[in-house]
Amino acid sequence: MTTISQAREISAASRLENVRYAIRDLACVADEVIQQGHKVLPLNVGDPLNFDFQTPPHIIEAVAKAMRDGKNGYAPSPGIPEALEAIRGEAARKGITTVRDVFVTSGVSETVDLCLSALVNAGEDFLTPSPDYPLYSAVLCKLGIRLNAYDLNEEDEWQPELADIERKLTPRTRGIVLINPNNPTGSLCTREMLEQVAELARRHNLIVFSDEIYDKLILDGTPHLAFAAVAPDVPCVTFGGMSKNYLVPGWRIGWGIVSGDAAAVKAYTEGVHRLLRARLCANHPEQYAIKPALEGPQDHLVEVQRKLRSRRDLTQKWCEATPRVSCVAPRGAFYAYPRIDIPESDEVFVKELIRQKYVMVVHGSGFGQKPGTQHFRIVFLPDEATLTKAYAGIAEFIRERYGN
Ligand SMILES: Cc1ncc(COP(=O)(O)O)c(C=O)c1O
């Protein structure tokens with residue numbers, strides 16, 4: 001006898017409606033093209049290990065040894081002591097003098113989730129940049145929090161637009177996210193900007209989440225400025241991790257450094273620790289790489305920066321030479337965020353680009369870019385030959401579709 005299923009559809013929570021899936025939507029278009037037998041040039045994935053970058057062998061050995069030594073059970077919830085000590089050392093090198101707490105997470109992704117979850121109540125909000133790294137708005141949607149985005153100003157090298165932040169602040173705003181170096185723009189915050197954000201945080205009793213996951217990938221020789229070093233008194237969690245600086249995104253190791261006035265951050269830090277305990281621990285053996293990574297040889301960074309500088313320069317030259325394209329030169333991370341002067345949406349632009357030239361980039365609107373201008377994000381991790389081929393395809397596409 002056959003049973004006919006009477007099951008009704010299990011719907012997903014409606015609060016997920018605003019969670020953006022830009023990169024996944026594009027993957028469907030890319031799949032079409034791949035099925036037709038074409039090879040897609042991936043300028044959309046921020047994973048250095050997909051390209052000619054290698055994890056430093058000594059940190060791989062540290063994790064392998066930890067596994068062989070039986071470090072395969074649960075770790076302490078905040079992280080293993082030697083990693084916490086190494087992160088405190090790193091905070092000191094970053095010039096952060098008022099460290100109140102450090103903890104290890106499963107990637108900065110978990111730091112973002114945990115730090116927002118431990119803070120924001122229903123009816124409150126948290127300022128995120130536009131364009132943004134989409135995880136921030138995804139987590140806020142998950143928590144049922146109204147999105148409140150402030151603009152990054154293209155005319156001012158993508159610095160946060162202070163007047164817009166002031167406009168967006170409400171009595172129920174709890175804090176602000178800075179991403180520095182920035183994804184998707186590749187910009188760096190100036191000292192003046194950090195000081196102004198700090199002043200605003202003091203006046204409005206805000207906590208700052210400073211996402212500095214790309215802090216060792218600075219391409220113009222200037223030192224990176226940590227927000228918490230510029231504003232030691234302001235409540236802040238600095239987000240850092242291994243994925244990008246140490247070329248191990250698959251290990252899922254990140255951390256938070258809590259700083260600021262001790263009394264001001266005490267209750268919040270206890271809240272964070274409740275969540276840290278509830279989720280048991282971050283990956284255990286991988287934590288044994290934190291100390292050798294932060295305190296051992298940094299030689300790989302010289303090579304990584306050399307490659308990224310050369311690829312950034314190639315990208316910038318192409319943007320300058322290509323009609324309808326302009327770009328604020330990236331100064332950190334491995335992203336460029338050119339503006340395109342076209343009579344249709346940037347989403348149509350990137351989808352047609354995949355279909356016609358097999359080059360994959362991500363549209364600005366997928367990063368919550370405000371309407372009115374069109375952009376796309378390039379990941380300039382691939383080698384020069386691949387980038388040159390991809391840029392020739394994009395230029396040809398623009399010429400054929402829009403004219404010069
Ligand atoms: C700005 C930013 N924050 C956080 C993350 C997530 O990093 P992790 O691999 O540590 O979870 C990324 C990853 O691309 C990122 O670009």
Side-chain angles (χ1 to χ4, degrees), residues 20-24 42-51 53 55 59 79 83 87 90 102-117 126-140 142 149 152 158 160 176-189 208-219 224 226-227 236-257 279 282-283 286-287 289-290 293-294 304 308 330-337 361-362 364 366-369 377-381:
R20 275 179 267 118
Y21 286 102
I23 297 179
R24 191 197 285 187
L43 271 55
N44 63 319
V45 190
D47 182 349
L49 277 297
N50 283 354
F51 307 99
F53 297 88
T55 307
I59 66 172
I87 295 165
E90 179 70 2
V102 295
F103 53 88
V104 181
T105 52
S106 295
V108 171
S109 301
E110 195 194 19
T111 330
V112 171
D113 193 327
L114 223 129
C115 286
L116 284 171
S117 302
F126 203 92
L127 282 160
T128 55
S130 160
D132 75 342
Y133 176 63
L135 177 64
Y136 287 95
S137 42
V139 170
L140 289 165
K142 188 176 83 168
L152 302 179
W158 294 113
I176 179 165
V177 177
L178 291 177
I179 303 177
N180 177 36
N182 190 267
N183 177 6
T185 68
S187 67
L188 300 178
C189 285
V208 175
F209 291 165
S210 189
D211 183 336
E212 302 180 9
I213 189 169
Y214 299 99
D215 65 351
K216 297 191 178 179
L217 305 182
I218 308 295
L219 307 179
H224 178 257
F227 174 84
C236 175
V237 188
T238 303
F239 301 168
M242 301 272 288
S243 293
K244 315 289 178 171
N245 290 341
Y246 294 96
L247 304 166
V248 286
W251 285 4
R252 315 306 304 127
I253 290 290
W255 52 79
I257 302 166
R279 64 54 150 140
N283 301 337
E286 286 80 355
Q287 293 188 47
I290 296 176
L294 296 178
V304 169
L308 291 183
R331 301 177 59 203
F334 35 68
Y335 306 105
Y337 193 61
V361 293
V362 182
F367 296 100
Q369 175 69 44
R377 188 193 70 172
I378 294 171
V379 172
F380 55 77
L381 286 168

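All values reported here derive from a predicted model rather than from experimental measurement. Quick note: numbers below take in every heavy atom, side chains included, and nothing from hydrogens, waters or symmetry partners. First listed ligand is number 1; within each ligand, the first listed atom is number 1.
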Donor-acceptor check, side chain of Thr128 to backbone of Ala149, threshold 3.5 angstrom: yes or no?
no
Could you tell me whether a side-chain N or O of His224 sits under 3.5 Å from a main-chain N or O of Leu217, the two making a donor and an acceptor?
no
Counting only non-hydrogen atoms and a 4.0 Å cut-off, the residues near ligand 1 are Gly107, Val108, Ser109, Tyr133, Ile179, Asn183, Asp211, Ile213, Tyr214, Ser243, Lys244, Arg252
Ignoring hydrogens and angles, tell me if any N or O in the side chain of Lys244 forms a donor-acceptor pair with the backbone of Gly46 under 3.5 Å.
yes
Can the ring centres of Tyr136 and Phe209 be said to be less than 6.0 Å apart?
no
Taking salt bridge (charged side-chain N to carboxylate O under 4.0 Å, His left out) as the cut-off, I'd like each qualifying pair that reaches into residues 131-140, sequence neighbours left out, listed once.
Arg20-Asp132
Backbone N/O of Asn44 and side chain of Arg377: donor-acceptor pair under 3.5 Å
yes
